[in-house]
Amino acid sequence: MDESGKKAAGSADPVTAAVLNEKLADAQTPGFWAEFAPDEAELAGAFEESALGEAEAEESDIDLPPPEKSEAKE
């Protein structure tokens, strides 16, 4: 189990944390289909948003000219 799963499971009540830890361990078993309830998946970090914002995406794109130079000249 990764650190985010351990931290999330630790923030739940003891019974939910134990069930979540067991499901996360089972999910690492090849061929085993572990089912998670929506709240369990959220506690495990399944819905963590990690997308870049628009400004971050523009800063990371080296192929585009700076915004002031991208205007079309007539």
Which donor-acceptor pairs under 3.5 Å do side chains of residues 34-41 form with protein atoms, sequence neighbours excluded?
unit_1 : atom_1 : unit_2 : atom_2 : d
E40    : OE1    : K23    : NZ     : 2.7
E40    : OE1    : A37    : N      : 2.9
E40    : OE2    : K23    : NZ     : 3.3

Counting N and O atoms only, with roles assigned by atom type, does the side chain of E49 sit under 3.5 Å from a partner on the main chain of A51, one being a donor and the other an acceptor?
-> yes
Go through T16 and D13 one step at a time and tell me if the side-chain hydrogen bond (donor to acceptor under 3.5 Å, both in side chains) criterion holds.
-> CA-CA 5 Å; T16 303; D13 66 85; 2.7 Å; yes
Which atoms form the tightest heavy-atom contact between A57 and S60, and what is the distance?
-> O-OG, 2.9 Å
In short, L24 meets A44 closest at the heavy-atom pair CD2-CB, 4.1 Å
Output yes when a side-chain donor or acceptor of E56 lies under 3.5 Å from a complementary backbone atom of G53, and no otherwise.
-> yes
